[in-house]
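Okay, so here's the structure we're looking at.
The figures here come from the full heavy-atom set of this structure, side chains too, leaving out hydrogens, waters and symmetry mates.
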Amino acid sequence: MSLIVTTPGIKKEEILDFFLDTLGGLQSSKATIKFGIDIAVRFLLKEELLIKKGDRFVATEFGKKVSKLYIDPLTATEFRRAIENVSEGRSHTFGFLHLISNCEEFFPKFSLRQKDYEQASLLIENHSSELIEPISEYDCNRSLLALNAWITESTEVSLADNLKIESGDIHRMVETSDWLVYCLRELSKQLERIDLLDELDTLRKRISYGIREELLDLVKIKGIGRVRARKLFKNNIKTLDDLASIPVNKLAEIDKIGSTLADNIKSQLRNGR
């Protein structure tokens with residue numbers, strides 16, 4: 001895919017010559033390499049990432065976007081089918097989490113343990129309206145459970161105790177998920193599903209901060225993360241307007257805030273943060 005995007009109008013013989021000069025080509029027979037190329041080209045043509053003009057190949061706009069995003073074309077086609085199938089006017093949060101946690105690029109991916117199946121089944125039941133397509137607990141992995149727990153503000157200690165997923169793995173999941181949701185957003189834009197962009201932006205922020213949607217306004221302020229945002233919310237400070245209206249001395253009295261951060265928050269609000 002990348003070769004054709006960067007060499008528009010390339011012929012199949014030229015594609016074969018390119019791969020024969022690689023380490024894989026030197027270690028394999030010409031027939032093996034040609035067979036692999038034929039399969040890949042058929043797939044890319046069928047899924048409309050490429051078009052053929054005479055004996056030359058060029059990438060479609062969708063193919064160019066996929067190559068630029070640096071994701072597997074197979075993942076891209078799965079994303080496209082999901083984007084085309086989602087309904088307007090409802091949330092797809094759990095469905096999107098399932099989609100990204102099941103793709104090849106997602107890492108790390110942990111299998112369900114026997115005791116996790118009941119939890120997975122309950123999650124599917126509770127979030128059935130958010131699914132893109134029907135799934136069962138056998139379609140899930142433990143990483144999906146962890147991601148869902150993370151964006152509903154489970155602590156790293158809780159995730160380690162309940163799912164045996166340590167903080168380092170959680171942070172790698174967050175980084176990978178952020179990239180994959182970004183890819184979903186870019187492909188949604190490419191496919192003119194503008195109605196999905198805000199929802200995917202929201203999901204990226206929730207994954208990044210590990211928060212429920214109600215805290216999104218508060219974490220816009222530098223120095224306020226998931227813990228402090230929840231402390232503020234519990235003290236009935238739910239928006240930037242609430243932060244602006246509370247006296248600085250009262251703000252400083254809130255647990256995890258203090259006078260230095262309270263002054264900094266007020267400064268950011270005055271400067272139009």
Side-chain angles (χ1 to χ4, degrees), residues 69-72 75-76 78-80 82-83 86 90-110 112 116 119-120 123-124 126-127 129-133 135 139-189 193-233 238:
L69 292 170
Y70 208 66
I71 55 173
D72 189 316
T75 297
E78 291 171 353
F79 281 7
R80 179 175 60 189
I83 291 164
V86 296
R90 64 180 177 86
S91 171
H92 311 91
T93 299
F94 190 73
F96 284 142
L97 290 181
H98 174 262
L99 179 66
I100 64 171
S101 64
N102 264 21
C103 73
E104 285 299 318
E105 287 86 344
F106 186 87
F107 177 84
K109 195 178 293 183
F110 297 98
L112 291 182
D116 297 321
Q119 182 183 348
L123 270 178
I124 292 169
N126 291 341
H127 296 277
S129 65
E130 300 176 9
L131 293 175
I132 298 168
E133 59 183 9
I135 62 171
D139 301 310
C140 301
N141 54 54
R142 205 173 352 140
S143 302
L144 170 61
L145 305 189
L147 272 180
N148 186 74
W150 175 253
I151 67 168
T152 50
E153 299 177 40
S154 287
T155 65
E156 293 179 14
V157 172
S158 173
L159 289 168
D161 289 344
N162 297 328
L163 292 171
K164 298 302 177 189
I165 296 179
E166 302 298 331
S167 58
D169 289 323
I170 285 294
H171 287 291
R172 280 193 287 273
M173 283 183 204
V174 167
E175 289 177 359
T176 306
S177 299
D178 179 70
W179 167 52
L180 290 170
V181 176
Y182 170 77
C183 292
L184 262 175
R185 186 189 187 281
E186 289 299 296
L187 292 178
S188 297
K189 192 192 303 182
R193 285 300 305 266
I194 308 302
D195 56 297
L196 298 177
L197 301 188
D198 286 345
E199 180 179 1
L200 290 167
D201 283 338
T202 294
L203 182 55
R204 281 189 75 193
K205 290 172 187 171
R206 290 186 63 192
I207 290 171
S208 178
Y209 286 98
I211 56 173
R212 296 178 186 271
E213 193 167 350
E214 64 205 34
L215 300 185
L216 285 171
D217 206 24
L218 295 174
V219 296
K220 292 176 182 176
I221 297 295
K222 185 178 179 180
I224 297 180
R226 66 194 321 235
V227 174
R228 285 174 175 147
R230 180 52 62 190
K231 292 286 185 182
L232 290 168
F233 197 89
K238 302 179 180 180

[X] side chain to [Y] backbone, donor-acceptor under 3.5 Å:
X	Y	result
Ser208	Arg204	no
Glu153	Arg212	yes
Ser101	Phe106	no

Are side-chain heavy atoms of [X] and [Y] found at a separation under 4.5 Å?
X	Y	value
Leu112	Leu145	yes
Ile71	Leu187	yes
Arg228	Ile221	no
Leu144	Leu123	no

*Apply salt bridge (charged side-chain N to carboxylate O under 4.0 Å, His left out) to Asp116 and list each qualifying residue two or more places apart in sequence or on a separate chain.*
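Here the qualifying residues are Arg113, Arg142.
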
*So His98 and Ile135, side chain to side chain contact (heavy atoms under 4.5 Å, CB included) or not? Walk me through it.*
CA-CA 9 Å; His98 174 262; Ile135 62 171; 3.6 Å; yes

*Would you please test Leu97 and Ile207 for side chain to side chain contact (heavy atoms under 4.5 Å, CB included) and show each step?*
CA-CA 10 Å; Leu97 290 181; Ile207 290 171; 4.1 Å; yes

Gap between atom [atom2] of [Y] and atom [atom1] of [X] - 0.5 Å precision:
X	Y	atom1	atom2	answer
Asn126	Gln119	CG	CD	10.5 Å
Leu203	Leu180	CG	CG	11.0 Å
Arg193	Glu199	CZ	CD	10.0 Å
Arg226	Leu215	CZ	CG	9.5 Å
Glu78	Asp72	CD	CG	8.5 Å

*Please indicate whether Glu104 has more than 12 foreign heavy atoms, meaning atoms of other residues, nucleotides or ligands, lying under 6.0 Å from its CD.*
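Not more than 12 within 6.0 Å, no.
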
*asked:* Could you check whether atom NZ of Lys109 has more than 12 heavy atoms from other residues, nucleotides or ligands sitting under 6.0 Å from it?
replied: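 Yes, NZ of Lys109 has more than 12 neighbouring heavy atoms, counting only those of other groups under 6.0 Å.
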
*Passes side chain to side chain contact (heavy atoms under 4.5 Å, CB included), Leu131 versus Phe94? Steps please.*
CA-CA 6 Å; Leu131 293 175; Phe94 190 73; 3.6 Å; yes

Where [X] and [Y] come nearest, the two heavy atoms and their spacing:
X	Y	answer
Arg206	Ile151	NH2-O, 3.0 Å
Trp179	Tyr70	CZ2-O, 3.5 Å
Ser188	Ile83	OG-CD1, 3.5 Å
Leu159	Trp150	CD1-CE3, 4.1 Å
Thr176	Glu105	CG2-O, 3.6 Å
Ala82	Ile132	O-CG2, 3.8 Å

Please output the side-chain donor-acceptor pairs of residues 163-175 that fall under 3.5 Å, not counting sequence neighbours, one pair per line with the distance.
| residue | atom | partner | partner atom | Å |
| --- | --- | --- | --- | --- |
| Asp169 | OD1 | Arg172 | NH2 | 2.5 |
| His171 | NE2 | Glu156 | OE2 | 3.0 |

*Applying the side chain to side chain contact (heavy atoms under 4.5 Å, CB included) test to Ile194, which of Leu196, Asp198, Leu197 qualifies?*
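Answer after filtering Leu196, Asp198, Leu197: Leu197.
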
*Mind running side chain to side chain contact (heavy atoms under 4.5 Å, CB included) on Asn148 and His127 for me, showing each step along the way?*
CA-CA 11 Å; Asn148 186 74; His127 296 277; 4.1 Å; yes

*Are Arg185 and Tyr182 in a cation-pi contact, defined as NZ or CZ under 6.0 Å from the six-membered ring centre and within 45° of the axis?*
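Checked: cation-pi criterion not met.
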
